[in-house]
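Report on the following structure.
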Amino acid sequence: MSSYVIGIGGTGAKCVEALVHLCAAGMMPDTEVFALFVDPDRANGSLERAQMTLQQYVNCKQLKTGVTDLFKTDVSVSIPDVWSPFSNEAQPSLDNFFRYHGLKGKNPAAAHLFDVLYSQAERETTLEKGFRGHPSIGAAVLAERVELGDEEPWRTFRKKIANDLNAAGGARVFLIGSIFGGTGAAGFPTIARLIAEEFNVGKDGNDGKKGNGGVKLGGALILPYFSFIPDETSAELRASSEDFLMTSQAALKYYHQQKSNEIYDSVYVIGDENLSPTKTFSIGSKTQRNEPHFIELYSALAAVDFFTGAEPRGFPMIARQGVRRIGWDDLPDGNAGNTLKKKLAQLLRFAFAYLAVYEPMLVDIRENGRPFRAPWYVDYFLRNGLQIADNEMQKAASMVKDYCESFLR
């Protein structure tokens, strides 16, 4: 059974990045994980870092690393790996997207309703940096534009799942997005509904049974876990962390009233009562590159639980034991945190040893010769007919270095 993960918005991308590191540590089975991202802000710094980490993992996976749990999971992406609702628009806005000025002449009543629903700033602000923490903007755009059609990466996504179903192996699809922001809050229910309709997930058939048992749908809804002090000198439309709790409450109420959870096999609602202050505030683009947070690790563990469990479990529950501390036994790995601790420690030792000992020695041997100084180089390289001076070997050594630096960060 193949696994599919969709990171929606900046928070979703960071959670997928954490999942990639868990795959590197050996927390996922020896299977295939297909990843893609949904974000109107293609230049988002957090998204860029997640894409980079994903590519570094794919590069390392191509190497023959011997008998080890490290990098054992096949991770693949489509080209491109990011879908944006603004494929052609250079500076998209709600006004342009819905042809507001033409609407005023052809259908004044509809234009007036548009004025009631959206402020002038919401209508006119360009959206190339995302939906500015306004789910109402994202909901309108994504409802109009998202289709699981022939546009990439959706074409590859649909084709791979169809192949899985034809092979009688089934598929599990996991969505991750924030419930308090713009893209995640708007994209999560929209994309879930389309997937459910496409593959008949969760619906009752003529026999009274639930729909396609071959596709399991799950997701992690991320509640507020960080705060920021915005730039008050800027008049740009932006998110406000003071509104996060109110936005989340409204979103959860919507999910309850719409009974949309009936299409999910498992839902994980994850958050922290202590909001971590971010160091810098950014509306979007490359400067939105937030530091990693343990909530993203929890979300990645939720994905692992969904992908590896015998059967999805509805609404799994967990809480940490202490108010202001996180211990290994608080982490849900099915073994009081011991499995995760062991596997992350192994990857940590590997990354540190490679950067501190092995990679510097490889560079030194390439530049100064005398490989006998490193018996492991003689055993692994020379006796297998490999030379670090070869361009391909240099490239491989550099790829491992890149990933190890990303993991340690």
Side-chain angles (χ1 to χ4, degrees), residues 1-8 11-39 47 49-63 65 68-83 148 152-165 167 169-177 191-192 195 199 201 214-220 264-266 268 296-312 332-334 339-340 343-344 347 399 403 406-407:
M1 178 174 289
S2 298
S3 304
Y4 299 80
V5 60
I6 304 177
I8 308 171
T11 297
K14 294 182 68 184
C15 295
V16 172
E17 181 184 12
L19 177 61
V20 170
H21 290 309
L22 292 186
C23 290
M27 288 296 293
M28 280 286 290
D30 189 7
T31 182
E32 181 184 15
V33 175
F34 179 81
L36 65 91
F37 303 96
V38 173
D39 203 324
L47 170 63
R49 189 175 63 196
Q51 291 176 284
M52 179 184 68
T53 302
L54 187 56
Q55 187 57 54
Q56 290 168 348
Y57 180 96
V58 172
N59 292 340
C60 289
K61 177 63 180 174
Q62 295 173 352
L63 306 177
T65 53
T68 175
D69 281 346
L70 301 182
F71 302 101
K72 69 178 182 179
T73 303
D74 287 318
V75 178
S76 62
V77 296
S78 67
I79 303 298
D81 58 357
V82 182
W83 180 83
L148 304 185
E152 290 290 7
W154 299 120
R155 177 170 55 187
T156 300
F157 173 77
R158 290 172 63 248
K159 184 177 180 180
K160 287 179 70 66
I161 291 183
N163 290 338
D164 289 334
L165 295 179
R172 295 193 180 191
V173 183
F174 196 77
L175 314 181
I176 310 179
I191 296 172
I195 292 174
F199 299 104
V201 176
V215 177
K216 302 295 184 182
L217 181 61
Y264 301 100
D265 294 281
S266 289
Y268 305 76
E296 293 143 21
L297 175 60
Y298 260 83
S299 304
L301 286 169
V304 171
D305 180 72
F306 177 76
F307 289 141
T308 59
E311 281 296 329
D333 68 347
T339 300
L340 178 65
K343 290 185 177 293
L344 283 182
L347 181 56
M399 289 190 300
Y403 174 77
S406 292
F407 173 68

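This is a predicted model, so every value here is computed, not measured.
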Query - Intermediate values then yes/no, side-chain contact (heavy atoms from CB on, under 4.5 Å), F71 and L63 - result: CA-CA 9 Å; F71 302 101; L63 306 177; over 6 Å; no
Report task. Go through H21 and L344 one step at a time and tell me if the side-chain contact (heavy atoms from CB on, under 4.5 Å) criterion holds. Result -> CA-CA 9 Å; H21 290 309; L344 283 182; 5.8 Å; no
Requested in this report: Start with the C-alpha gap between L301 and M27, add the side-chain angles, then the distance that decides, and say whether side-chain contact (heavy atoms from CB on, under 4.5 Å) holds.
Outcome: CA-CA 9 Å; L301 286 169; M27 288 296 293; 4.3 Å; yes
Report task. Go through K61 and D74 one step at a time and tell me if the side-chain contact (heavy atoms from CB on, under 4.5 Å) criterion holds. Result -> CA-CA 7 Å; K61 177 63 180 174; D74 287 318; 2.8 Å; yes
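T53 OG1 to L19 CG: the interatomic distance, rounded to the nearest 0.5 Å, is 12.0 Å. The distance from atom CZ of F306 to atom NZ of K216, rounded to the nearest 0.5 Å, is 8.5 Å. Put simply, CG on D305 and OH on Y298 are 12.5 Å apart, with the number rounded to the nearest 0.5 Å. To the nearest 0.5 Å, the span separating CG on L347 from SG on C23 amounts to 11.5 Å. Between L148 atom CG and R155 atom CZ the span is 13.5 Å, to the nearest 0.5 Å. Here CG of L70 is found 8.5 Å from NZ of K343. Values are rounded to the nearest 0.5 Å.
The main-chain N or O of T31 is never found under 3.5 Å from a side-chain atom of T73 such that the two would form a donor-acceptor pair. The closest donor-acceptor contact from the side chain of D333 to the backbone of L340 lies under 3.5 Å. In this structure, D265 contributes its side chain and L217 its backbone to a donor-acceptor pair below 3.5 Å.
For the pair R172 and G309, the tightest heavy-atom approach, listed with the atom from each and the gap, is NH1-O, 2.9 Å. Closest heavy-atom contact between V16 and A35: CG1-CB, 4.5 Å. The minimum heavy-atom distance between A220 and F174, with the atom names listed, is N-CZ, 3.6 Å. Closest approach of P80 and P153 over heavy atoms only: O-CB, 3.4 Å. The nearest pair of heavy atoms linking Y264 to A192 is OH-CB, 3.0 Å. Here the closest non-hydrogen pair linking A13 and A50 is O-CB, 3.3 Å.
Taking the six-membered ring where the residue is Trp, Y57 and Y403 present perpendicular rings, their angle passing 60° and hence far from 30°. Relative orientation of the W154 and F157 rings is perpendicular, given thresholds of 30° and 60° on the angle between their planes.
At a threshold of 4.0 Å, the pair E17-K14 does not count as salt-bridged, since none of the basic side-chain nitrogens sits closer than that to a carboxylate oxygen.
Residues passing the side chain to side chain donor-acceptor pair (under 3.5 Å) test with K72, sequence neighbours excluded: none. Residues that satisfy the ring pair (Phe, Tyr, Trp, His ring centres under 6.0 Å) test with F34, not counting sequence neighbours, are Y4.
Between V77 and V58, every side-chain heavy-atom pair lies at or beyond the 4.5 Å cut-off. Side-chain contact between S406 and M52 is present, with heavy atoms from C-beta onward closer than 4.5 Å. Contact of the L22 side chain with the M28 side chain is not registered, since no non-hydrogen atoms from C-beta on lie closer than 4.5 Å. Within the 4.5 Å cutoff, the side chain of I161 has no heavy atoms near those of the I195 side chain.
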